Amino acid sequence: MAFRSACLILCLLNLAQITIQQSNSKPRQKPTNSKKDVVTMQIIDEIKKQINDIAHDVNLLKEQQALQTICFKGFKVQNKCFLPFSQAKTYHEANNDCMAQGGILSTPENGDENDSLYEYMRKILGSEKEVWIGINDMANEGTWVDMSGSSISFKNWETEITTQPDGGKQENCAALSGVANGKWFDKKCRNELPFICQFVIV
Ligand SMILES: *[C@@H]1O[C@H](CO)[C@@H](O)[C@H](O)[C@H]1NC(C)=O
Ligand SMILES: [Ca+2]
């Protein structure tokens, strides 16, 4: 990989530089052993630190690249990427699939995200479909929270024709409905629906 060879070259250059500095700064006569040991340790520590820094940068770049790949396949809205999965799964299976890729079930947090998610779902999965969203009241009936357990401020329940959420303790997971033009319904968590994962871009 290009990164790895760049890293290796950098490390070798640094090593060469430090060695030159060391030999330049040293007096001609033989230094005592203890001094030499201290200098050697310092060089090793410095190189270790630099390798750690480079490894850290490489990991960050890999993460960014992975997110960009997802964005490329999916749909970007503000600082989020949405990626659809058409295979119907239970709520838990769906969220596990999202988490396995570094995301969570999509969670619209404002009107714009809500519109984007609905439009995207309609286009990719079909306007008759429903998708899981990352909102549930499993822990505490009637208290709807996001996947981090925080209470939600944006809500988009269907209330014109029905009065969602209306499933009580039987229905603790939320889905966005294409038929209801993007409004939300509570559903049984073990139902199987397609889903859209969201990835936050840092
Ligand atoms: C999304 O939310 C906004 C703000 O509440 C609302 O105006 C809009 O109709 C909603 N869109 C959908 C598709 O439900
Ligand atoms: Ca409930």
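Predicted, not measured: the structure shown is a model, and the values here were computed from it. As the structure lists them, so they are numbered: ligands from 1, and atoms in each ligand from 1.
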N, O or S atom within E171 nearest to the Ca ion (ligand 2), by name: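 Going by distance to the Ca ion (ligand 2), the closest N, O or S atom in E171 is O.
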
For each nitrogen or oxygen atom of ligand 1, which protein N/O atoms lie closer than 3.5 Å, and how far apart are they, rounded to 0.1 Å?
{"from": "ligand 1", "atom 1": "2 (O)", "to": "N114", "atom 2": "ND2", "distance (Å)": "2.1"}
{"from": "ligand 1", "atom 1": "11 (N)", "to": "N114", "atom 2": "ND2", "distance (Å)": "3.1"}
{"from": "ligand 1", "atom 1": "11 (N)", "to": "D115", "atom 2": "OD1", "distance (Å)": "2.6"}
{"from": "ligand 1", "atom 1": "14 (O)", "to": "N156", "atom 2": "ND2", "distance (Å)": "2.9"}
{"from": "ligand 1", "atom 1": "14 (O)", "to": "N181", "atom 2": "O", "distance (Å)": "3.3"}

Pairs of donor and acceptor atoms involving the side chains of residues 132-140, under 3.5 Å and at least two apart or interchain, shall be tabulated with distances.
{"from": "W132", "atom 1": "NE1", "to": "K89", "atom 2": "O", "distance (Å)": "2.9"}
{"from": "N136", "atom 1": "OD1", "to": "M138", "atom 2": "N", "distance (Å)": "3.2"}
{"from": "D137", "atom 1": "OD2", "to": "G142", "atom 2": "N", "distance (Å)": "2.7"}

CH2 on W184 to CH2 on W144, rounded to 0.5 Å: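 Taking CH2 in W144 and CH2 in W184, the distance rounds to 10.0 Å.
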
Metal-centred angle, OD2 of D137 through the Ca ion (ligand 2) to O of G168, rounded to 10 degrees: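 Centred on the Ca ion (ligand 2), the OD2/O angle is 150° (to 10°).
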
Vertex the Ca ion (ligand 2), rays to OD1 in N172 and OE1 in E141 - rounded to 10°: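 It rounds to 80°.
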
Ring centroid separation F75 to F82 under 6.0 Å: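 Centroid separation for F75 and F82: 6.0 Å or greater.
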
Salt bridge (charged side-chain N to carboxylate O under 4.0 Å, His left out): pairs with one or both residues in residues 98-122, sequence neighbours excluded: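 Matches after skipping sequence neighbours: K80-E109, K80-E113, E119-R122.
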
Residue pairs fulfilling salt bridge (charged side-chain N to carboxylate O under 4.0 Å, His left out) with at least one residue in residues 170-196, sequence neighbours excluded: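 Sorted pair list: E130-K187.
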
Measure from the side-chain N and O atoms of [X] to the backbone N and O of [Y], and report whether any donor-acceptor pair falls under 3.5 Å.
{"X": "S86", "Y": "P84", "value": "no"}
{"X": "E160", "Y": "T162", "value": "no"}
{"X": "T40", "Y": "K36", "value": "yes"}

The Ca ion (ligand 2) contact by D186, N, O or S atom under 3.0 Å: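 So D186 does not count as coordinating the Ca ion (ligand 2).
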
